[in-house]
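Structure record follows, encoded as structure tokens.
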Amino acid sequence: MTRYETDEWRDGAWKGPFGDRFMRTLATPKLMLVRGEGARVWDVDGNEYLDFLAGIAVNSLGHAHPALVEAVTAQVGTLAHVSNYFSTPPQLELAERLRRITGAGESGRVLFGNSGAEANEAAFKLARLNRTGPHGRRTRVLALHNAFHGRTMGSLALTGKPPMREAFEPLPGGVEHIDSTIEALEASIDGHVAALFVEPIKGEAGVLDLPDGFLERARELTEKHGALLIVDEIQTGVGRTGEWFAYQRAGILPDAVTVAKGMAGGVPIGALVTFGWASELFSQGQHGSTFGGNPLATAAGNAVLAEIERAGLVQNAARRGEELKQIIRDLDHPLIDAVRGHGLLIGIGLTEGEAHRLSDAALAEGLIINAPNESSIRLAPPLIIGDAELAGFRERFGRALAAV
Ligand code: PLP
């Protein structure tokens with residue numbers, strides 16, 4: 001039992017203080033969680049849940065994985081933070097791992113930050129540095145309708161969801177949103193484009209795949225016109241889709257990739273990784289962050305990525321993802337319209353707008369899933385799941401479907 005499991009917080013007593021103490025940006029959550037182990041978490045009242053959301057694709061190794069616990073404990077007891085006036089071994093090690101698994105190789109460079117939005121801010125600045133095209137100044141930055149890139153002003157400008165943006169305008173300029181079609185790419189990319197941002201599977205929009213051939217054509221056209229192809233792998237990256245990165249399924253290399261969420265298993269981190277000529281754009285003093293790349297976060301990143309490799313979790317995500325999709329299809333429920341996504345980032349399209357009711361019913365059955373909108377369910381369990389977790393999902397999700 002943790003020290004929080006007291007009457008101060010039990011039986012919903014935490015809800016009042018939650019409503020009073022936080023900015024109104026946060027809705028009052030359904031549960032107060034106090035501990036986790038593997039793919040399971042427990043609430044303050046002692047109830048157990050199967051976690052098929054993993055902190056929105058963050059807890060790659062599940063909860064309280066010994067490899068992460070040991071690495072973080074050892075690092076915080078040795079050297080937690082030093083600022084970027086000094087180097088540390090974990091940051092150099094993580095940068096090298098990222099160059100290897102992204103395919104950037106020796107021409108790759110890494111810039112560490114603390115979140116996904118921050119990684120995309122850095123990528124947006126990179127885009128501005130791709131200044132000169134065949135017709136003078138490159139002024140256009142392209143991104144996709146319905147894609148999500150974060151909540152800071154720059155990443156919000158890239159986000160293709162007008163209702164999220166409108167209250168905060170004017171946002172940094174020059175961003176145009178296009179449809180996720182090959183025709184839209186062909187009609188939009190020219191010598192005035194500095195960069196194209198792509199979310200390879202739109203997670204926040206309900207786990208929507210891009211059309212076949214989209215990334216390949218995006219690569220051809222951006223290369224032809226000298227625009228940067230920047231892939232946001234914040235939700236899809238580090239093994240979740242059954243590849244280290246989703247662009248690898250298309251057999252292409254981008255000019256830059258943004259990584260965060262699952263990279264350090266819950267310790268905040270973000271990174272921009274550049275490839276080839278894009279690695280030469282930033283110069284000294286043009287970007288930085290106090291915490292970015294600190295030894296604590298990068299030690300956590302090394303532990304997570306090393307364990308993903310050691311335990312074959314990229315392959316496990318591919319295999320378990322297929323099994324999970326089959327389980328959902330076999331339930332053969334009239335509410336289920338489509339099963340989308342790759343690996344362990346799965347979307348369930350619903351025939352009716354019942355997603356919130358279904359996710360509430362699942363929670364009542366001890367299963368954490370997510371409704372990014374009224375017509376989709378998102379599943380993003382830890383990459384470690386096996387037969388027992390899949391059986392638990394089948395049982396609890398089946399009961400939730402029967403209840404709505
Ligand atoms: N980009 C994508 C594709 C995301 O899914 C998210 C978060 O959900 C972000 C960017 C923003 O990341 P963060 O919430 O760490 O700022």
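All ligand and atom numbering here is 1-based and tracks the order in the structure. Note that the coordinates shown come from a computational prediction; the quantities given were computed from them, not determined experimentally.
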Closest non-hydrogen contact found for Ala303 with Ala71 is CB-CB, 3.4 Å
Report the part of [X] in contact with ligand 1, treating N, CA, C, O as backbone and CB onward as side chain, heavy atoms under 4.0 Å; options are side chain, backbone, both, neither.
X: Glu204; value: side chain
X: Asn120; value: side chain
X: Glu118; value: neither

When you measure from the side chain of Tyr4 to the backbone N and O of Arg35, does any donor-acceptor pair fall under 3.5 Å?
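Here the side-chain-to-backbone pair does not exist.
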Could you tell me whether [X] and ligand 1 have an N or O pair separated by under 3.5 Å?
X: Glu199; value: no
X: Gln235; value: yes
X: Gly150; value: no

Determine whether any protein heavy atom is located less than 4.0 Å from atom 14 (O) of ligand 1.
no
Aromatic ring pairing His149/Phe197, orientation class (parallel under 30°, perpendicular over 60°, tilted between):
perpendicular
Quick one: does Lys261 get within less than 4.0 Å of ligand 1, heavy atoms only?
yes
Please determine if Arg396 and Glu48 form a salt bridge, counting it only when a charged side-chain N lies under 4.0 Å from a carboxylate O.
yes
Can Thr222 and Asp255 be counted as having a side-chain donor-acceptor contact under 3.5 angstrom?
no
Heavy atom to atom 16 (O) of ligand 1, shortest distance: which of Ala117, Ala260, Gly113 holds it?
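Looking at heavy atoms only, Ala117 sits closest to atom 16 (O) of ligand 1.
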Does atom CZ of Phe282 have more than 12 heavy-atom neighbours, drawn from other residues, nucleotides or ligands, at distances under 6.0 Å?
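Enclosed: over 12 neighbouring heavy atoms sit under 6.0 Å from CZ of Phe282.
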As a test of understanding, state which of Arg140, Lys224, His135, His225 forms a side chain to side chain donor-acceptor pair (under 3.5 Å) with Asp190.
Arg140
Do Asp51 and Leu53 have side-chain heavy atoms sitting under 4.5 Å apart?
yes
Ligand 1 atoms in contact with His149 (distance to a heavy atom under 4.0 Å)
1 (N), 10 (C)
For atom 1 (N) of ligand 1, what's the nearest protein heavy-atom neighbour? Residue, atom name and distance, please.
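Answer for atom 1 (N) of ligand 1: Asp232 OD2, 2.7 Å.
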Looking only at protein heavy atoms, what sits closest to atom 12 (O) of ligand 1 is Gly116 CA, 3.3 Å
